[in-house]
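Just so you know, these numbers come straight off a predicted model, no measurement behind them. Throughout, residue positions are numbered sequentially from 1 according to the sequence presented.
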Amino acid sequence: EFMFDEQPDRALRLYAEVQARFPFSPYAAQAELESITAHYRAQQYEAAVSAADRFIKQRPRNPNIDYVYYLRGLSNYSRNDSGILGGDPDKRDTRFLEQSFTDFKLLIENYPDSVYAKDAQLHMIDIRNRLAEYEINVAEYYLRRRAYVAASRRAEGVIERFQGSDSVPRALEIMEESYARLGLPDLAEDTRAILQTSYPNYILHRDEFYRQRAGEEPAYELPDMGSASAAGGSPAQEDDSE
């Protein structure tokens, strides 16, 4: 009742009492499960992750274990979300997003028929794109400071680790500019050729692409910028399943 009334803190006290009074009953397992949900709804994400970890360790064959993995993924997704905003771009924290990706990946791999699998996959795609965009921001940071070697390496990492994300074309642009600034015209030309061949619509519609990415009202519907794939076995890999 407290959960339905949006009072997760009161619900948590009730669940703790149930676990204390009936530790070996089916009610205790249900109370533990509901406690994870309550922590999540109360935005106590660290506590939700800890409770999920305990549940997975102690009750790995529980029929609702897929839901626990899902909640752990959602909690890590929301946990310390401000850690990737503000400050020095090279010192922001992405480890909870990466852990969330792993949580969702475990859910999909171990419980592919779970009702939560599709939403988990959508979160994985979003995480991959967010991590790729973060890496691009770091590469841009180095580019502005004329640290061209560091900028090119960070951009190369985006291409190697986040194929299918919409940050790949910009990564190629950063590499091209960095190589040109470093006096490596052949590498710059090769990179430009890859960009033009792989993402021709990006070149033609670049300004509108970034207008829409920034949340501005679309002037027209964009064509496909290039081949995008779903999230894969890690934030750095592709997956052909849709």
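Evaluation of the side-chain contact (heavy atoms from CB on, under 4.5 Å) rule for Ala151 yields Tyr142, Leu143, Ile174, Ser178 as partners, not counting sequence neighbours. Considering only residues two or more places apart in sequence or on other chains, Tyr40 meets the ring-ring contact (aromatic ring centres under 6.0 Å, His included) condition with Tyr45. Residues that satisfy the side-chain contact (heavy atoms from CB on, under 4.5 Å) test with Glu135, not counting sequence neighbours, are Arg154, Val158, Arg161, Phe162. Judged as a ring-ring contact (aromatic ring centres under 6.0 Å, His included), and not counting sequence neighbours, the contacts of His205 are Tyr220.
Connection of Tyr210 to Leu222 is established within a shared hydrophobic cluster, with ILVMFWY side chains joined at heavy-atom distances below 4.5 Å, either directly or through further cluster members. Hydrophobic clustering (side-chain heavy atoms under 4.5 Å, transitive across Ile, Leu, Val, Met, Phe, Trp, Tyr) groups Leu74 together with Tyr69. Tracing side-chain contacts under 4.5 Å through hydrophobic residues (I, L, V, M, F, W, Y), one reaches Leu172 starting from Val149; they form part of the same cluster. Linking ILVMFWY side-chain heavy atoms closer than 4.5 Å, directly or via other members, places Tyr199 and Ile203 in a single hydrophobic cluster. Phe209 and Leu204 fall into different hydrophobic clusters, where Ile, Leu, Val, Met, Phe, Trp and Tyr are joined by side-chain heavy atoms under 4.5 Å apart, directly or via other members.
Rounded to the nearest 0.5 angstrom, Phe96 CZ and Ser75 OG are separated by 11.5 Å. To the nearest 0.5 Å, atoms CD1 (Ile136) and CG (Leu131) are separated by 12.5 Å. With rounding to the nearest 0.5 Å, the separation of CD1 in Ile159 from CZ in Arg170 is 11.5 Å. To the nearest 0.5 Å, atoms CD (Glu34) and CD1 (Ile36) are separated by 9.5 Å. Expressed to the nearest 0.5 Å, how far CG of Asn201 lies from CG of Asp224 amounts to 7.0 Å. Between the CG atom of Asn64 and the OG atom of Ser114 there is a distance of 10.0 Å, given to the nearest 0.5 Å.
Residue pairs meeting the ring-ring contact (aromatic ring centres under 6.0 Å, His included) criterion with at least one member in residues 112-132, sequence neighbours excluded: Tyr67-Tyr116, Tyr70-Tyr116, Tyr77-His123, Phe104-His123.
Taking 4.5 Å as the limit, some side-chain heavy atom of Asp53 sits within range of a side-chain heavy atom of Val49. Proximity of Arg59 to Ile65: side-chain heavy atoms (C-beta onward) are nowhere separated by under 4.5 Å.
A donor-acceptor contact closer than 3.5 angstrom links the side chains of Tyr202 and Glu173. Between the side chains of Glu208 and Gln212, at least one donor-acceptor pair of N or O atoms lies under 3.5 Å.
The two atoms that bring Arg72 and Ala52 nearest to each other are CB-CB, 3.9 Å, heavy atoms only. Residues Pro200 and Ser198 approach most closely at CD-C, 3.4 Å, considering heavy atoms. Between Ile108 and Met124 the shortest heavy-atom distance is CD1-SD, 3.3 Å. Pairing each heavy atom of His39 with each of Ala47, the nearest pair is ND1-CB, 3.5 Å. Smallest separation of non-hydrogen atoms from Ala155 and Met175: CB-CG, 3.5 Å.
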### Task
Using the side-chain contact (heavy atoms from CB on, under 4.5 Å) rule, take Val68 and Asn62 through it: C-alpha gap first, then chi angles, then the decisive distance, then the call.
CA-CA 10 Å; Val68 178; Asn62 186 278; 6.0 Å; no
### Task
Determine, stepwise, if the pair Glu32 / Arg54 fulfils salt bridge (charged side-chain N to carboxylate O under 4.0 Å, His left out).
CA-CA 9 Å; Glu32 290 175 26; Arg54 286 194 302 272; over 6 Å; no
### Query
Do Arg130 and Ser167 pass the side-chain contact (heavy atoms from CB on, under 4.5 Å) test, and can you show the C-alpha distance, the side-chain angles, and the key distance before you say yes or no?
CA-CA 9 Å; Arg130 290 180 66 185; Ser167 293; over 6 Å; no
### Task
Would you please test Asn76 and Ser100 for side-chain hydrogen bond (donor to acceptor under 3.5 Å, both in side chains) and show each step?
CA-CA 5 Å; Asn76 274 317; Ser100 176; over 6 Å; no
Show me the donor-acceptor pairs within less than 3.5 Å that the side chains of residues 180-197 make with the rest of the protein, sequence neighbours left out.
unit_1 : atom_1 : unit_2 : atom_2 : d
Thr191 : OG1    : Leu187 : O      : 2.8
Thr197 : OG1    : Ala193 : O      : 2.8

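No donor-acceptor pair closer than 3.5 Å links the side chain of Glu133 to the backbone N or O of Asn129. No donor-acceptor pair closer than 3.5 Å links the side chain of Arg211 to the backbone N or O of Pro218.
Within a 6.0 Å sphere centred on CZ of Arg153, other residues, nucleotides and ligands contribute 12 heavy atoms or fewer. By the neighbour-count criterion of 12 heavy atoms within 6.0 Å, atom CZ of Arg146 is sparsely surrounded, having that number or fewer from other residues, nucleotides or ligands. Enclosure of atom CD in Glu221 is not indicated, since only 12 or fewer non-hydrogen atoms of other residues, nucleotides or ligands lie within 6.0 angstrom.
Ionic pairing of Lys105 and Glu109 is present here: one or more N-O contacts between side-chain nitrogen and carboxylate oxygen are shorter than 4.0 angstrom. Using a 4.0 Å cut-off between a side-chain N of Lys or Arg and a carboxylate O of Asp or Glu, Arg95 and Glu98 do not qualify as a salt bridge.
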